[in-house]
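Naming: A, B, ... by sequence-line order, numbering from 1 per chain.
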2 protein chains.
Amino acid sequence: MDTNSGITYAKDCPSRTVLSVLANKWSLYVLGVLSGNDRPLRFTELRRHIEGVTQKSLTQALRNLERDGLVSRTIHPTIPPRVEYRLTDLGREAGTLTTAIADWSKTNAARVHAARAAYDARLADDRA
Amino acid sequence: MDTNSGITYAKDCPSRTVLSVLANKWSLYVLGVLSGNDRPLRFTELRRHIEGVTQKSLTQALRNLERDGLVSRTIHPTIPPRVEYRLTDLGREAGTLTTAIADWSKTNAARVHAARAAYDARLADDRA
DNA sequence: CAGAATCCTTAGTGATACTG
DNA sequence: CAGTATCACTAAGGATTCTG
């Protein structure tokens, strides 16, 4: 009997595997960008929209998302090659959620940064 | 002029600083657990609810969340010491969003795992 | 263009021991 | 109890080079 009605995240909880993909810096951005565009995007386009991501990290994020069925990858065997990424239905659902987080982050960034500055100031005081 | 109406995540975008905290494995769980309980939780309680987290990682996650004003930390100067963690108003908002993600992960874990298995099987085929 | 492969640096994680 | 401190280790990330 647990008197606590709250949530417990067990090690083998299947949701944790899913969360590990979503709780990733670049995955969040990829979902965000693809959600914001209804047309499929090419690799370099995607990369242009996510400043600071390296080709390696973006490739990896896209592979993980593809693997989990959130993103589909279409290769057009032309020269030069053309690869397009789009959200699957599953990905669109997830995108809605992660976009909500991104939006919240944007509108509350000031509050968070203020809290952070105050915290850091307090720390500096304590050290002095 | 950009013909693309989509989102771009600039390097200096303030939301990215916020996202870096939320896009963290343990932070998500902490917010989830604290959202699920309306009473404040102690360190070890929190840890019991998040299987597999080390004391170091949990401490770090809690510090980051406290720093960003999402979690408040109350020290009761008793012996033995008693430290309680609770969500701030800001944290409660964020918790709603991250809990939505956790819930989605839980209900869709099967679909994701199926996609993953299919992907891995295809890979194995290609290698053969 | 869209990557794969390589090397290298650093950040994250775990285990252990110690403290107010 | 709720941490801090330290060391060892692994995994993630960056820079660069190469290829169909």
Side-chain angles (χ1 to χ4, degrees), chain A residues 4 9 11 16-17 19-30 33-34 37 39-68 71-86 119 122-123 126-127, chain B residues 4 9 11 16-17 19-30 33-34 39-67 71-86 119 122-123 126-127:
Chain A
N4 187 340
Y9 291 95
K11 242 182 199 164
R16 289 199 21 176
T17 338
L19 277 174
S20 68
V21 187
L22 296 180
N24 175 276
K25 193 179 168 185
W26 302 123
S27 296
L28 279 185
Y29 295 141
V30 169
V33 171
L34 287 179
N37 288 273
R39 68 178 179 89
L41 291 181
R42 303 180 62 173
F43 187 85
T44 20
E45 279 182 306
L46 219 31
R47 195 174 167 187
R48 260 197 303 277
H49 284 284
I50 308 174
E51 254 183 48
V53 70
T54 62
Q55 165 264 336
K56 185 184 178 181
S57 304
L58 181 55
T59 301
Q60 202 173 294
L62 285 168
R63 286 294 169 287
N64 285 334
L65 290 170
E66 187 195 359
R67 179 171 181 241
D68 284 358
V71 161
S72 77
R73 179 163 169 267
T74 314
I75 308 168
H76 301 277
T78 57
I79 294 179
R82 178 183 187 85
V83 179
E84 291 184 328
Y85 294 92
R86 82 181 65 217
Y119 182 93
R122 243 184 305 138
L123 253 193
D126 290 352
R127 262 207 309 273
Chain B
N4 186 339
Y9 290 96
K11 242 180 194 163
R16 290 202 17 178
T17 339
L19 277 174
S20 68
V21 187
L22 296 180
N24 175 277
K25 191 177 167 183
W26 302 123
S27 297
L28 279 185
Y29 295 140
V30 170
V33 171
L34 288 178
R39 68 180 180 86
L41 291 182
R42 303 181 60 174
F43 187 85
T44 20
E45 278 182 306
L46 218 32
R47 194 175 167 187
R48 260 198 302 277
H49 283 283
I50 308 175
E51 254 183 51
V53 70
T54 62
Q55 156 266 352
K56 186 182 178 183
S57 305
L58 182 56
T59 301
Q60 204 174 293
L62 285 168
R63 285 295 171 286
N64 286 334
L65 290 170
E66 188 196 359
R67 179 169 181 242
V71 160
S72 79
R73 179 164 169 267
T74 313
I75 307 168
H76 302 276
T78 56
I79 295 179
R82 179 183 186 85
V83 179
E84 290 184 329
Y85 295 92
R86 82 181 65 218
Y119 182 92
R122 243 184 306 139
L123 253 193
D126 290 351
R127 263 206 308 272

Tell me what B:R73 touches on the nucleic acid: a base, only sugar-phosphate, or nothing, going by heavy atoms under 4.0 Å. sugar-phosphate
OP1, OP2 of C:dC1 versus side-chain N and O of A:Y85: anything below 4.0 Å? no
By salt bridge (charged side-chain N to carboxylate O under 4.0 Å, His left out) - contacts of B:E84 (at least two apart): B:R82
Would A:L19 and B:Y29 count as a side chain to side chain contact (heavy atoms under 4.5 Å, CB included) if you check the C-alpha gap in whole Å, the side-chain angles of each, and the deciding distance to 0.1 Å? CA-CA 10 Å; A:L19 277 174; B:Y29 295 140; 3.5 Å; yes
From C-beta outward on A:T44, which listed nucleotide comes closest to its side chain: C:dC1, D:dG3, C:dG3? C:dC1
Any side-chain N or O of A:R63 below 4.0 angstrom from OP1/OP2 of C:dA4? yes
Does a side-chain N or O from A:R82 land closer than 4.0 Å to OP1 or OP2 of C:dA2, or not? no
Determine, for nucleotides 13-20 of chain C in 5'-to-3' order, which nucleotides have protein heavy atoms under 4.0 Å from the base (write B), from only the sugar-phosphate (write S), or from neither (write -). BB-----B
Contacts of B:S20 that satisfy side chain to side chain contact (heavy atoms under 4.5 Å, CB included) - sequence neighbours left out: none
Provide the closest heavy-atom pair for A:G52 versus B:K11 in the form atom of the first, atom of the second, distance. CA-CE, 3.8 Å
Residues in salt bridge (charged side-chain N to carboxylate O under 4.0 Å, His left out) with A:R67, at least two apart? B:D120
Return the value, rounded to whole Å, for the distance between atom CD1 of A:I79 and atom C1' of D:dG20. 8 Å
Could you pull out all residues at least two apart from A:R63 that satisfy side chain to side chain contact (heavy atoms under 4.5 Å, CB included)? A:T59, A:E66, A:R73, A:Y85, B:Y119
Can you list the residues that meet the side-chain hydrogen bond (donor to acceptor under 3.5 Å, both in side chains) rule with A:N24, with sequence neighbours excluded? A:S27
Quick one: is D:dA2 close enough that its OP1 or OP2 comes under 4.0 Å of any side-chain N or O from B:R42? yes
With sequence neighbours left out, the residues meeting side-chain hydrogen bond (donor to acceptor under 3.5 Å, both in side chains) with A:T17 are B:H113
How far does the helix from C:dC1-D:dG20 to C:dG20-D:dC1 bend, going by the axes of its first and last five pairs, to the nearest 10°? 50°
Could I get the full list of side-chain hydrogen bond (donor to acceptor under 3.5 Å, both in side chains) partners for B:T54, not counting sequence neighbours? B:S57
How long is the line joining CG of B:L123 and P of C:dA4, in whole Å? 11 Å
Roughly, in whole Å, what's the span from CZ in A:R47 to P in D:dG14? 10 Å
What is the distance, rounded to the nearest whole Å, between atom CZ of A:F43 and atom C1' of C:dA4? 11 Å
